[in-house]
Amino acid sequence: MRCAARVGKADLAGSIFTVATFRDLLSAAKSQITEVDTAVAADTIAAGNAVVLDVREPDEFEQGALPEVVHIPRGHLEAQVETRIIDKSTPVVVYCAGGVRSAFAAKTLQELGYTNVVSMAGGFGKWKDEGRTWLTPVALSAEQRNRYQRHLLLPEVGVAGQAKLLSSKVLLLGAGGLGSPAALYLAAAGVGTIGIVDMDEVDASNLQRQILHNIDRIGDRKVDSAKKTLTMLNPDVNVVTYDTRLAAANIIDIISGYDVIVDGADNFPSRYLLNDASVKLGIPVVHGSIFRFEGMVSVFHPLRGPTYRDMVPEPPPAEMAPSCAEAGVLGVLPGIVGSIQALETIKLLLELGDSLIGRILAIDTTEMTFRTFNLRKDPKNVVTYENRDRIQLRDLDGVCAPWMS
């Protein structure tokens, strides 16, 4: 059966129509958009408030791209752009390989309501030939793209953010109630190196809250049990174990090189020792603590805010600070607090949102209330990053006063 439609011919109803060529469509698109050369595009980008949108295919993108771009292949533009570029008044510089797909993309963006869109003539090819700045984007394997696809859909994370997580190093002090959920979520998120410090073994009484472990591992070293669980959850993660007591003699060697420390300690000497060492090295600590039905979380960043000694200058008397073994703890509570610690850690690693630096999040599960209190630096606290060269680390069992040279 022959097609009845012919260019310039009458159809069966007698109407006349024409078939546009690709060149016609491109010409029409360019007549409706703003097209700029690479120099103007570079100036717009340098001004600092524009979103740079790359609409090439993934294999093209992986060969090189402009810095800090949003990558949406042209075929997925309509479906994804409104979740990736939310403010439709934001200046958008869109480019492709040579300026063709970007012209069609710019027209589509205008039809979607974006009001400040330009297409870069000549595309990436011209930009690169002129010697302008470009880079080879970080690439994830097909398996990683599948594993982390929900992260990749978040514009605040994307491929670059996921690659940053994979190159990050987080140390957990403790593989117990707080360390368990924190470790699980950090490993699942793809934090590339997770260190765990713990010198205890798995006991049946731990299993009510310490979800890294199970009944088959009673009597095993906690760090070994934790490593088995985390590596089975995500093979991308390198789990480094420290089956030792944290002490003045080893703490610098252990914590050096980590980006963030998650504090799940259950005693004051460890917390003060960790504080002083982390201040000395300038490493942020995500603190968590639990008691019966209540918990709290804060972020102690030596370079950006108050630290543990600003919150608790001196330890309370022993009778005023019973342990969970003495006072009890609701098993699900450390799951809540440890998960928040993991979230705050990821926010620090990716520089997302407002962290709990300078704030204390207090949780009461009996009333199900979350309250936030401000925390300020104590002018009497001498253990500061500015005084880091004077900080002397000493084991603090029974003595928690700061030691300064």
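- Within the 4.5 Å cutoff, the side chain of Thr83 has no heavy atoms near those of the Leu153 side chain.
- Considering all non-hydrogen atoms of both residues, Pro313 and Asp378 come closest at CG-OD2, 4.0 Å.
- Atom OH of Tyr258 is surrounded by more than 12 heavy atoms from other residues, nucleotides or ligands within 6.0 Å.
- Neither side chain, Tyr242 nor Asp253, offers a donor N or O lying under 3.5 Å from an acceptor on the other.
- Residues Thr21 and Asp24 bring a donor and an acceptor atom of their side chains to less than 3.5 Å of each other.
- More than 12 heavy atoms of other residues, nucleotides or ligands sit less than 6.0 Å from atom CD of Glu386.
- With 3.5 Å as the limit, one finds no donor-acceptor pair spanning the side chains of Arg309 and Thr307.
- Judged purely by distance below 3.5 Å, without hydrogens or angles, the side chains of Arg221 and Thr241 never pair a donor atom with an acceptor atom.
- Within the 3.5 Å criterion, the main-chain N or O of Arg388 finds a donor-acceptor partner in the side chain of Lys280.
- At least one donor-acceptor pair under 3.5 Å links the side chain of Gln144 to the backbone N or O of Ser141.
- Residues Leu356 and Val297 are in side-chain contact: their nearest non-hydrogen atoms beyond the backbone lie under 4.5 Å apart.
- Within the model, atoms CG of Asn116 and OG1 of Thr90 stand 8.5 Å from one another, a figure rounded to the nearest 0.5 Å.
- No side-chain donor-acceptor contact under 3.5 Å links Ser355 to the backbone of Leu348.
- The one candidate from Ile85, Val94, Leu53 that meets the side-chain contact (heavy atoms from CB on, under 4.5 Å) condition with Val117 is Val94.
- Once rounded to the nearest 0.5 Å, the distance linking CZ of Arg271 with CG of Asp266 reads 7.5 Å.
- Not a single donor-acceptor pair under 3.5 Å links the side chain of Glu344 to the backbone N or O of Val299.
- Atom CZ of Arg74 sits about 8.5 Å away from atom CZ of Phe104, to the nearest 0.5 Å.
- Using a 4.5 Å cut-off on side-chain heavy atoms (C-beta onward), Ile218 and Leu207 make contact.
- Ring geometry for Tyr308 versus Phe300: interplanar angle over 60°, hence perpendicular rather than tilted (30 to 60°).
- Considering all non-hydrogen atoms of both residues, Val223 and Ile196 come closest at CG1-O, 3.8 Å.
- In this structure, Leu330 and Ile290 have side chains that are not in contact, with every pair of non-hydrogen atoms separated by 4.5 Å or more.
- Of the possible polar contacts, one joining the Asp395 side chain to the Ala248 backbone as a donor-acceptor pair under 3.5 Å is found.
- Ring pair Tyr148/His151 is parallel by interplanar angle, where below 30° counts as parallel and above 60° as perpendicular.
- No donor-acceptor distance shorter than 3.5 angstrom exists from the side chain of Gln32 to the backbone of Gln110, with no hydrogens or angles considered.
- Remark: Asp129 CG is packed, more than 12 non-hydrogen atoms of other residues, nucleotides or ligands lying under 6.0 Å away.
- A distance-only check finds a donor-acceptor pair linking the side chain of Asp259 to the backbone of Lys169 [under 3.5 Å].
- Between the side chain of Asp198 and the backbone N or O of Ala175 there is at least one donor-acceptor pair closer than 3.5 Å.
- For the residue pair Pro137 and Glu62, the shortest heavy atom distance occurs at CD-O, 4.0 Å.
- For the atom pair Glu294 CD and Thr366 OG1, the distance stands at 6.5 Å (nearest 0.5 Å).
- You'll find the side chain of Asn206 reaches within 4.5 Å of the side chain of Lys222, heavy atoms only.
- Residues Val170 and Leu349 are in side-chain contact: their nearest non-hydrogen atoms beyond the backbone lie under 4.5 Å apart.
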key: Derivation and outcome, side-chain contact (heavy atoms from CB on, under 4.5 Å), residues Val285 and Val279   = CA-CA 9 Å; Val285 173; Val279 169; over 6 Å; no
task = Could you go through the side-chain contact (heavy atoms from CB on, under 4.5 Å) check for Lys88 and Glu82 one step at a time?
result = CA-CA 8 Å; Lys88 293 188 176 182; Glu82 290 178 304; 2.6 Å; yes
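- Looking at His213, its side chain never comes within 3.5 Å of a backbone N or O of Ala204 through a donor-acceptor pair.
- A donor-acceptor pair under 3.5 Å is formed between the side chain of Gln208 and the backbone N or O of Val329.
- Annotation for Glu111: atom CD counts as buried by contact number, over 12 foreign heavy atoms lying within 6.0 Å.
- Smallest separation of non-hydrogen atoms from Gly99 and Ser119: O-OG, 4.2 Å.
- Of all heavy-atom pairs between Asp220 and Asp216, the closest is OD2-O, 4.5 Å.
- Ser205 and Asp203 form a side-chain donor-acceptor contact under 3.5 Å, judged by distance and modelled atom types alone.
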inquiry  = Does Leu186 form a side-chain contact (heavy atoms from CB on, under 4.5 Å) with Val262? I'd like the steps, not just the answer.
reply    = CA-CA 11 Å; Leu186 291 172; Val262 177; 4.3 Å; yes
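- Atoms CG and CG, on Leu184 and Asn234 in that order, are 11.5 Å from each other to the nearest 0.5 Å.
- Residues Lys126 and Arg132 form no side-chain contact, since every pair of their non-hydrogen atoms from C-beta on lies 4.5 Å or further apart.
- Using a 4.5 Å heavy-atom threshold, the side chains of Val332 and Thr365 count as separate.
- When every heavy atom of Val237 is checked against every heavy atom of Ala187, the shortest pair comes out as CG2-O, 3.6 Å.
- Using modelled atom types, one finds a donor on one side chain and an acceptor on the other under 3.5 Å when comparing Asn146 with Gln149.
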task = Show your working on side-chain contact (heavy atoms from CB on, under 4.5 Å) between Leu140 and Leu166 and close with a plain yes or no.
result = CA-CA 10 Å; Leu140 301 179; Leu166 288 165; 3.8 Å; yes
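- Electrostatic pairing of Asp54 and Arg56 counts as a salt bridge here, judged by a charged N lying under 4.0 Å from a carboxylate O.
- Summarising the geometry, atom CG belonging to Asn275 is positioned 10.5 Å from atom CG belonging to Leu393; distances are rounded to the nearest 0.5 Å.
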